[in-house]
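A short worksheet on the structure shown next.
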Amino acid sequence: MSTHRYGFATKAIRAGEQPDFREGASGDVVVPIHLSTTFARKELETPTGGYDYTRSLNPTRKALETKLAAIEDAGYGLAFASGLAAETSVLLALLKSGDHIIAFDDLYGGTKRIFDQIINAYGITASYVDAADSENIARAIQPSTRMVWIESPTNPLLKTCDIRAVAAVTRHNGLILVVDNTFLSPYFQHPLELGADVSLHSATKYIGGHSDVLGGAVMLNRQDYYERVQFIQNSAGAVLSPFDSYLAIRGIKTLAVRMEQHQKNALAVALFLEDHPKVRRVIYPGLESYPQHALFKSQASGFGAVLSFELQGAVADAKYFLERLEVFSIAESLGGVESLIELPSVMTHASVEEATRHKTGITDTLIRVSVGLEDINDLIADLKQALE
Ligand SMILES: *Cc1c(COP(=O)(O)O)cnc(C)c1O
């Protein structure tokens with residue numbers, strides 16, 4: 001099915017899953033979970049349907065990869081065992097020893113750890129700039145620079161990067177632009193259309209959407225990049241399992257309705273918090289008070305459902321507040337149907353040095369929320385009782 005002419009929800013539900021009407025087939029409307037690790041052939045030299053071994057190609061994973069490409073209007077999609085497995089595979093595929101990466105200084109911690117503690121041992125270096133200003137990227141280019149790696153929005157400060165402006169810099173200088181699109185999901189933002197070469201997701205978050213599958217996704221348009229990443233997917237082997245591929249497929253089918261409701265709930269929570277006297281400030285791209293609101297709207301069709309806010313008082317007050325919540329769960333991660341809340345200074349960003357944390361704005365009482373799909377009245381009532 002060529003899917004370009006269909007709307008998002010149609011692609012999310014239909015792409016990659018055509019009922020099989022051939023002789024002996026059963027016409028399943030849902031792609032089966034093909035657990036077989038190997039595939040038999042009738043004739044020695046002809047793999048049946050192109051399948052020979054599941055690491056190389058599996059029918060359930062292939063259905064997911066077709067769906068992933070369709071929902072981001074990409075030429076190709078690839079599925080990995082986790083977001084970080086997807087990232088490592090992209091780096092192995094597109095870079096070599098001696099290459100240099102320019103990265104946003106407000107990146108997901110696990111990505112920084114790959115740059116600073118894994119690929120550095122293979123002679124690939126990374127330097128960090130505030131990519132919210134694309135001039136900073138242009139200034140950081142060295143003769144060995146090959147790649148620029150950004151997120152928009154970032155975590156937990158939700159800074160916006162002007163993806164079109166950064167893409168102009170990377171295109172002009174022949175660099176590869178990678179955008180980690182996890183926070184907005186394919187429903188709200190299409191980095192490839194804004195000029196990126198690789199769009200990457202932790203499928204563990206909104207794509208899976210139910211906090212029950214760990215996975216990673218890579219979308220690309222250039223065939224040569226696709227072939228190299230696919231070669232690493234098979235040769236390094238960090239593939240998504242058939243069962244997890246099925247869970248991701250199941251998640252994607254409701255991505256459109258989930259993201260709409262996530263966003264509605266997030267805006268209501270943000271407006272409630274913004275009005276509360278015990279809250280110093282709220283950072284949510286959907287608020288008029290968000291400094292890069294217009295830029296954000298120019299490149300994304302929605303604002304997502306992650307927000308941060310700073311409580312009046314000290315770290316003990318923040319802990320007291322979090323532990324009083326009954327509906328929200330204190331947990332890392334985001335993007336699931338459950339509302340999750342965390343204290344970056346003590347949890348996700350505890351390993352960042354205190355001075356650096358404070359300088360970048362991750363104060364002791366900055367709280368990050370992944371707003372879920374519970375009844376909005378219950379979410380607000382819960383925040384209210386815990387604040388009081
Ligand atoms: C969670 C996350 C990752 C890592 O993904 P895993 O599936 O946990 O490996 C990468 N980037 C962002 C923005 C994330 O939120």
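Both counts, for ligands and for their atoms, begin at 1 and track the order of listing. Everything numeric here is computed off the predicted structure, so don't read it as measured data.
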Using a 4.5 Å cut-off between side-chain heavy atoms of Ile, Leu, Val, Met, Phe, Trp and Tyr, which other residues end up in the same hydrophobic cluster as Phe231?
Leu92, Ile232
If we ignore hydrogens and angles and just use 3.5 Å, is the side chain of Gln263 paired with the main-chain N or O of Phe303 as donor and acceptor?
yes
Under 4.5 Å side-chain linkage, directly or through intermediates, the cluster mates of Tyr246
Val29, Val30, Ile33, Leu35, Val213, Phe243, Leu247
Checking side chain to side chain donor-acceptor pair (under 3.5 Å) against Glu338, which of Ser329, Ser333, Ser211 comes through?
Ser211
Can you work out which protein residues put a heavy atom within less than 4.0 Å of ligand 1?
Ser82, Gly83, Leu84, Glu87, Tyr108, Asp180, Thr182, Phe183, Ser202, Thr204, Lys205, Leu214, Gly215
Would you mind listing the cluster partners of Leu57? Hydrophobic ones only (ILVMFWY), side-chain contacts under 4.5 Å, chaining allowed.
Phe39, Tyr51
Side chain of Glu17, backbone of Val31: donor and acceptor closer than 3.5 Å?
yes
